[in-house]
Amino acid sequence: MTESPPRAWAEIDLSALLHNLAVARKLSGKEVMAVIKAGAYGHGLEETARALDDCGLPFLGVANAGEARRVARAGIKTTPYILGATLPAERAEIAVNGWTPCLCSLDEIAHFNQLGRAKPISAHLALDTGMGRGGFLPDQIPEALVAIKSSPGIKLTGIGSHLPVADEDETFTRQQIALYDKIATTIPQDHSPFHIHISNSAGLMKYRSVTSNLVRPGLLLYGISPFPDEQKQLKPVMSLKTRISVINELPKGHGVSYGRTLLTRDTKAAVLGIGYGDGYPRSLSEKGTKVLINGTLCPLLGRVTMDQIIVDVTELSKCQPGDEAILFGADLLVSDLALKAGSIPWELLTQITPRVERRYL
Ligand SMILES: *Cc1c(COP(=O)(O)O)cnc(C)c1O
């Protein structure tokens with residue numbers, strides 16, 4: 001059977017992923033939990049987990065039991081760590097499979113204690129030092145520790161917290177990490193290894209928690225820095241690509257796309273096979289967005305449609321239908337597009353839809 005290539009695809013460079021992991025290790029000097037939630041930020045959950053499975057990581061960070069199950073079913077041996085509070089209906093599966101939850105409430109402690117009667121469950125204690133998304137507040141920690149102490153079904157093997165403004169507010173983040181480090185020294189470490197962690201990508205790049213022995217980068221592993229100045233040392237893992245389907249010669253004054261953006265000059269307009277149905281944000285319309293074709297940045301014309309965009313290739317001496325176009329990658333950063341779209345790189349990466357074929361290099 002003849003099978004046509006896709007119109008839009010994402011090239012995933014797994015050697016870049018390993019490069020970025022090495023950067024995370026070097027910058028932090030700590031062990032790494034690779035955060036692979038949300039389909040590894042759009043890079044493919046199983047494929048990314050497989051690439052990281054032999055790297056000696058203690059955990060792969062996932063969002064829920066469903067993602068942990070996919071990782072386990074793919075034959076990955078690294079332990080999934082569930083990054084947020086668990087739903088009651090997820091806990092039996094988590095317990096039975098030996099995935100690591102973080103305990104965010106007394107209800108979770110009581111429930112996991114029950115589920116761990118036959119075989120104790122390794123779990124971390126979640127501390128809320130400022131995120132407000134789950135975990136015990138500093139003054140609730142003694143009560144949580146008492147509950148855990150009287151729970152033979154739970155083995156406390158770590159503590160974790162999360163930074164809400166590591167890329168925005170240095171004063172708060174310094175205070176938060178100091179508070180976390182102070183609390184961490186009061187937690188009994190009856191099991192070894194005992195993991196202490198608070199830093200996401202921004203946290204590990206700009207701050208130091210003296211008690212932590214583990215960091216939890218996501219974005220950084222995919223080669224995007226939360227800080228533009230630190231981008232150079234990273235290698236973007238995903239390149240989003242498409243092809244020119246047709247090139248139209250349009251006269252000055254002619255409209256382009258929905259809403260009829262009027263051309264201000266005679267224009268060579270290339271049509272590309274990607275749109276918001278692929279996750280290329282419609283909010284990039286009319287923002288001075290560029291697309292890379294044959295090494296030249298070409299301006300987006302008019303609005304992004306569901307399956308196609310139109311690009312001004314008037315200045316391009318050489319281009320023809322079938323030529324490749326890069327929407328983002330190493331030379332056109334998804335973080336810069338996100339700024340234009342009024343969004344963040346985390347959102348742009350995770351919203352690339354299944355229609356975009358992932359190709360692993
Ligand atoms: C998503 C997430 C991370 C990773 O954050 P990045 O900013 O992508 O590095 C780390 N910890 C927790 C709890 C998360 O939810």
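We count ligands from 1, going down the list as the structure has it; atoms in each ligand are counted the same way. Computed over heavy atoms, backbone and side chain alike; hydrogens, waters and symmetry mates excluded.
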**Q** Nearest to atom 1 (C) of ligand 1, what protein heavy atom do you find, and at what distance?
**A** K37 NZ, 1.4 Å
**Q** Which ligand 1 atoms does Y41 reach within 4.0 Å, using its non-hydrogen atoms?
**A** 1 (C), 4 (C), 5 (O), 6 (P), 8 (O)
**Q** Under 4.0 Å from any heavy atom of R133, which atoms of ligand 1 are there?
**A** 13 (C), 15 (O)
**Q** So is M205 touching ligand 1 or not, going by heavy atoms under 4.0 Å?
**A** no
**Q** Out of A63, S201, P345, who gets a non-hydrogen atom closest to atom 9 (O) of ligand 1?
**A** S201
**Q** Measure the distance from atom 12 (C) of ligand 1 to every protein heavy atom, then report the residue, atom name and distance (to 0.1 Å) of the closest one.
**A** H162 CE1, 3.4 Å
**Q** Is there a polar contact, in the sense of an N or O pair closer than 3.5 Å, between L219 and ligand 1?
**A** yes
**Q** Is L263 linked to V291 within one hydrophobic cluster, defined over Ile, Leu, Val, Met, Phe, Trp and Tyr using a side-chain heavy-atom separation of less than 4.5 Å?
**A** no
**Q** Would K318 and D323 pass as an ion pair if we require N to O under 4.0 Å?
**A** no
**Q** Check D312 with R265, please: is the shortest side-chain N to carboxylate O separation under 4.0 Å?
**A** yes
**Q** Give the residue and atom name of whichever protein heavy atom lies nearest to atom 7 (O) of ligand 1, and the separation in Å to one decimal.
**A** W346 NE1, 3.2 Å
**Q** If you measure from the Lys or Arg side-chain nitrogens to the Asp or Glu carboxylate oxygens, is any gap between R50 and E46 under 4.0 Å?
**A** no
**Q** Purely on distance, is any nitrogen or oxygen of G218 under 3.5 Å from one on ligand 1?
**A** yes
**Q** Who's the nearest protein heavy-atom neighbour of atom 11 (N) of ligand 1, and how far?
**A** R216 NE, 2.9 Å
**Q** Between H124 and H197, what is the ring plane arrangement, given parallel below 30°, perpendicular above 60°, and tilted in between?
**A** tilted
**Q** Check each atom of ligand 1 against the heavy atoms of P217 and keep those under 4.0 Å away; list them by number with element.
**A** 9 (O)
**Q** Which residue in the set L234, N20, T48 passes side chain to side chain contact (heavy atoms under 4.5 Å, CB included) when paired with Y222?
**A** T48
**Q** Would you say E108's side chain and C104's backbone share a donor-acceptor pair under 3.5 angstrom?
**A** yes
**Q** Is E47 paired with R358 through a side-chain N to carboxylate O contact shorter than 4.0 Å?
**A** no
